[in-house]
Amino acid sequence: MSKDADVCIVGSGAGAGPIAYELAMAGYKVIVLEKGPWFTEKDFYKDEMACCRRNGYTPPLSEQPQVIEDQQSDGDWEAESNRETGWNFWNGNMVGGSSNLMSGYFHRMKPVDFRLLSEFGPINGANVVDWPITYDDMEPYFTKVENVVGVSGKVVHHPFLEPRSVPDFPFQPLAEHVVSDLFDQACQSLGYHSFPLPRAILSRPFNKRNACIYSGYCGSYGCNTLAKGSARAALLNDAVETGNCEIRPHSMVYKLVTNNSGKVREVKYYNQDGNNSKVNAHIFVVACQAVESSRLLLLSNGPKHAHGLGNNTGQVGKNLIFSAGGVGGGDFHEKDFGEELFRQLQIQGPFVNRALQDWYVINDHNEFDHPIKGGTIDFLLDHNNPIRRAMRHKWEDGKLNWGRQLKQDLDYSFKKTRRFQFEIFCDWLPNDNCYVSLSKKEKDKWNTPVSKIRVGYHEHDLKVGEYLAEKSENVLRTMGARDVYSSVSGAPPTNLMAGGCRFGNDPETSVLDKDCRVHDCENLFVTDGSFMPTGGSVTYTWTIYANSFRVADKIKEQL
Amino acid sequence: MKPLKRSHITRRLFIKQSSVFSAIGSFTLSACQGVFTKKNKNTGSPFTEYDKTTLRAVFNHLLPSDYPDSPGANDVNVLGFLKRTMQDPYFDSYDKRIIFNGVRWIQETAIDMFDNYFHALSDNDKEAALRDLETYSNGEHWLSMMLTYIFEALLSDPVYGGNTDQLGWRWLNHQPGYPRPIIEKTYDKL
Ligand SMILES: Cc1cc2nc3c(=O)[nH]c(=O)nc-3n(C[C@H](O)[C@H](O)[C@H](O)COP(=O)(O)OP(=O)(O)OC[C@H]3O[C@@H](n4cnc5c(N)ncnc54)[C@H](O)[C@@H]3O)c2cc1C
Ligand code: SF4
C-alpha cells in the first residue's frame, strides 16, 4: 500500500535532524512534523526580551502548561501547573528545536560513561545501569558529527581525553578571548590540565554556511550566519534541498495510532488552523525532547498498548535525567587588572572556550573512600544580556536595592567589572523520583493531558557537584577574581534533559532496544535524548546527534 | 492590619494574600480620590491620571535622574514600557492585578503615614513609605516587579518603548547585538 512517506519524524531538533538528513540523502521520502514555526536565519534578532525575558520561542504557558512536582522542605511532593508558577520546561519550539538556541558546548561522552554500573558499582536509591552499547559503537558517529554538523576545536592531551579515530577536529578552534590565556596560566600554576572546549560552531565557511562572526550573543539566541550547528542549519536545510524531505511546521502531534498487531499506522496532529490531520508512513520516529516524547508515547494507547505505546512494562517516562552540577563565578575588577588589561577583558565576541576534565573520575581518598564518577567544568564570560546583569543588583543584604545606591552599583558593575563563570556538569543519577507522567487535571488548549514532571534528585549528585565547584573556585581565585561564588543544587537545568525512554536489552527495565526501537513496536524509534539511561558528565547534544546518526543506519537497514 | 510580614510565598498564595490586602486598605483612599479618578477615556491607558502620577513618582524614586550622567526611570519611559507590556496578548491577568493593587497600596501607605499623596512627599518620606510597603510580602513583591520593569525598560531594545534614545545602553556602555529586533518581529509577534 502506498504511504505518505517512508519515514515520518515527530519533532525537528537535534534528535530528528540526523534521521531526516541521512534518509533524505539516501533517497527515502521523509515528512517532519514540528509543532513550532519555521524560522530561517533571517528571522533571528539579538533580542534579550524575546529569548530570555518572555517566551518568544516557547508556547504561552496559559495555553500549553506542564505540571511540575517537586519536594518541599517537609518531604512532601507538591505538584503545581507552570501556568501558575512560570517554571518553564519547554525549550525552543521551532524547526530545529532548542538546538537553534544552544551555546554548542560540545563534549563526547567517554568510555567510562557507557559502563557506569560496572565501573563504579550500584548506588543506593539510584537506577544506574550500563548502556547496551559501548563507546566503540558510538565513536564513528561522534566523528561523523564533527564532520557533518561541524565541530571546531583542538585536541590537547589530558588525563581523561577519550580515544579518537581521527587525530584532530576538522575545524580549527574559534577565536579566543584574552581571558583564555589568563585561565591557562592559572591552571598551569595549579597543576590542572586546561584544554580548548570544542564547539558546534564553524570557524570557517562550510557547505553554504558562513563562519561565525562572533556576534557576542550566542547561547539562547538564534544564529544569523548558519555557523551554529543547529539541526536546521546543519542538517534539515540540506535534507529539504534533496527534494525528499518535507517539513510541516505548526503541526502538533498528539497521537501515534497503532493497529491490531501493535505497529504504528499513522500519526495524528493539529495543523496551524487547528484542524485534525494525519500522516502514514512505514517507519515513525519520535524526537520531541525528553519530556514531550514520553508524553506522546503515554498519550498513544492502542490495541496492544493499553497504558501507552511502549509502556507495557510501565517504563515510559521513568528515569528522566538532567545535567546535574551547578554554576558559579567571580568578578574581575578594573582596579585589580589595570586599565589596559581590563579594556581587553571588556571586549565581547571571541570565546573563552576552556574546560577542565581532570576530575572526570574522582580518585581522592581524603574525600571519598573509593573512586567515584566526577564531571566536566566549562568556563565562560558572563553572557552580554544586560537586563539579566542589572537584575543581580535588585537585592542587597536581603532588601530591595533602589535609588542612588542602585545607580551607583549598576554604574560600577557594568563599567568596572567583568564576570567570569563556570558551569559544572555531572551525572544526574536516575532515580524513582524523577519521571514524566500524564497530568490527570491539567490540559492544553487542544484538551490533551499535559506532562507532569517529578524532579527528584539524588544527594550523591550534590557531593560531586560541590567537589568540582571547589576546584573551579580555585581557578577563579588564582585568576584574580573577587567575590567568587558557586551554587550547587538539585534544581534541574530545564534546557538539559534526557531519559524517560531509556534503551536496554531487557524490556522489563527499558523502553527501547539497543537500536532505539520501541521493544514491542517494530516500526517506532525514539531518537532524542530520551534513550539515555545515564547522561555522562557532559552536555548531551553531541551524543544525541551521534546516536541519531547511528539509528539512521539501523532504519536504513530496516526499510 | 498588617498580617503578611515577609515570607516565601508562591504566586497562588500571593494572589490570595494580595486580594485580602487591597480589600482592607481600599476605603482609606476615598477622601482624596476626587481630583484624579477620571479615566483616560481616549488614550486607552490602563491607569488613571492619579495612578500615572503615583507610578512616575515611584519610578523616579527607585531610579532617580539626579545621579550624574545617567538617565532616570522616567527618562527611559518606564511607564510607557509598562503599559505596552500589559497589552501583550498573553500578559498574565494575575500580574495585572498585582500591578494595579500595588499602586493602590503605595497611595494608601502615603496617606496613612503622612496624610498626603505619594508624589507630593519629600524624598525622605517617599523612602519611608516605600520601605514600609516593603515590609509586607505582597508590597515587597510589587516593588520587586516595578524594579524588574525598570531594568527591562532601561536595557531592552528601544523597539519595546523604553530605553529612549538608547540612554540606558549608553549610560552603561552596553554594546547591543546585531541584528536588532524590528517592530514587526518583537517577542509578541514571533
Ligand atoms: C539556551 C540553551 C543552551 C543550550 N546549550 C547547550 C550546549 O551548550 N551544549 C549542548 O550540548 N546542549 C545545549 N543545549 C541543549 C540542546 O539544545 C538540546 O540537548 C537538544 O536540542 C535536544 O534535542 P532534542 O531533539 O531532544 O530536542 P529539541 O532540539 O528541543 O527538539 C524537539 C522539537 O520537538 C518539537 N515538539 C515537541 N513536541 C512535539 C509534538 N507533540 N509534535 C510536534 N513537534 C513537537 C519541539 O517544538 C522541538 O522543536 C542548550 C539548550 C538551550 C535551550
Ligand atoms: S555568529 Fe557565531 S556567535 Fe553569533 S550566534 Fe552564530 S555561532 Fe553564535
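Bear in mind the structure is a predicted one, so any value in this text is a computation, not a measurement. Atom set for the values below is all heavy atoms of this structure, side chains included, hydrogens, waters and symmetry mates excluded.
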- [ ] Pick one of side chain, backbone, both or neither for A/D411, based on which atoms fall under 4.5 Å of a heavy atom in chain B.
- [x] both
TODO: Mind ranking A/H393, A/K46, A/R389 by heavy-atom pairs under 4.5 Å with chain B and telling me who comes out on top?
DONE: A/K46
Open item on the list: With ring-ring contact (aromatic ring centres under 6.0 Å, His included) as the criterion, how do B/Y149 and B/F59 come out once you've worked through the C-alpha distance, each side chain's angles and the decisive distance to 0.1 Å?
Closed with: CA-CA 10 Å; B/Y149 288 122; B/F59 292 147; 8.5 Å; no
Task: Ring-face cation of B/R180 near A/Y45 (centre distance under 6.0 Å, axis angle within 45°) - done: no
Task: Under-4.0 Å salt bridge between A/D382 and A/R388 - done: yes
Open item on the list: Please identify, among B/W169, B/F151, B/Y160, the residue contributing the most non-hydrogen atom pairs under 4.5 Å to chain A.
Closed with: B/F151
Open item on the list: Which atoms of B/I150 are under 4.5 Å from chain A, going by heavy atoms: the side chain, the backbone, both sets, or neither?
Closed with: neither
Open item on the list: Does the structure place the NZ or CZ of B/R104 under 6.0 Å from the centre of the six-membered ring of B/W142, at an angle of no more than 45° from the ring's axis?
Closed with: no
Task: Sorted by number, residues from residues 94-104 of chain A in contact with chain B (heavy atoms, under 4.5 Å) - done: none
Task: Heavy-atom proximity to chain A below 4.5 Å, by part of B/D123 - done: neither
TODO: Residue by residue, scan residues 181-190 of chain B and write down, ordered by number, those that have a heavy-atom distance under 4.5 Å to chain A; if none do, write 'none'.
DONE: B/P181, B/I182, B/K185, B/Y187, B/L190
Open item on the list: Is a donor from one side chain sitting under 3.5 angstrom from an acceptor on the other, for A/E80 and A/T85?
Closed with: no
Task: Which portion of B/H61 sits near chain A, non-hydrogen atoms under 4.5 angstrom - done: both
Task: Distance flag, aromatic centroids of A/H333 and A/F342, threshold under 6.0 Å - done: no
Task: Euclidean distance, B/E127 CD relative to B/L62 CG, rounded to 0.5 Å - done: 9.0 Å
- [ ] Check whether NZ of the Lys or CZ of the Arg A/K35 lies under 6.0 Å from the centre of the six-membered ring of A/W90 and within 45 degrees of that ring's axis.
- [x] yes
TODO: Let me know if B/T148 has heavy atoms under 4.5 Å from chain A in its side chain, its backbone, both or neither.
DONE: both
Task: Contacting moiety of B/S65, where chain A heavy atoms sit under 4.5 Å - done: backbone
Task: Over-ring placement of A/K407 relative to B/W171, 6.0 Å and 45° cut-offs - done: yes
Task: Closest heavy-atom pair and its distance - A/C218, A/I201 - done: SG-CD1, 3.9 Å
Open item on the list: Treating B/D88 as the side-chain partner and B/F91 as the backbone partner, does any N or O pair qualify as donor plus acceptor under 3.5 Å?
Closed with: no
TODO: Go through the atoms of B/Y90 and report whether side chain, backbone, both or neither lie under 4.5 Å from a heavy atom of chain A.
DONE: side chain
Open item on the list: Please determine whether a side-chain nitrogen of the Lys or Arg among A/R54 and B/E152 lies less than 4.0 Å from a carboxylate oxygen of the Asp or Glu.
Closed with: yes
